[in-house]
Amino acid sequence: MPQSDDKRLVDLAARIEQDDPHFARSMSSGRPIRPREYRHARAWWVLGVGLVLLTIGLIMPDGLLIATGLVLSGIGVQLFDPYPPQSGGQERHPTR
């Protein structure tokens, strides 16, 4: 027997609440925000600061600035991943 539409909607709402609680709360309040997959402002800032530090470290040969710039750039790029790894060793499946 197929599931009713109400049951599917409840399951979908529970999954969204678990995935992105901030987005789910904003939808229920009537003032929606972008889902987590499209919020990249922090990632751009971290990547920009990292690249600036890397450039300054290359202009003024300073290993600490180069290392800091590389680490911050790596963190900034990692923040662009919309599906961070979940605890428990599960693989990422954006459609599930």
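Because the structure is predicted, anything quoted here is derived from the model rather than measured.
- Applying the side-chain contact (heavy atoms from CB on, under 4.5 Å) rule to Trp44 yields the partners His40, Leu47, Phe80; only residues at least two apart in sequence or on another chain are considered.
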Do any side-chain atoms of residues 49-73 form donor-acceptor pairs under 3.5 angstrom with protein atoms, and if so which ones, sequence neighbours left out?
residue : atom : partner : partner atom : Å
Thr55   : OG1  : Leu51   : O            : 2.8
Asp62   : OD1  : Leu64   : N            : 3.3
Thr68   : OG1  : Leu64   : O            : 2.7
Ser73   : OG   : Gly69   : O            : 2.7

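- A salt bridge links Lys7 to Asp11: at least one charged side-chain nitrogen sits closer than 4.0 Å to a carboxylate oxygen.
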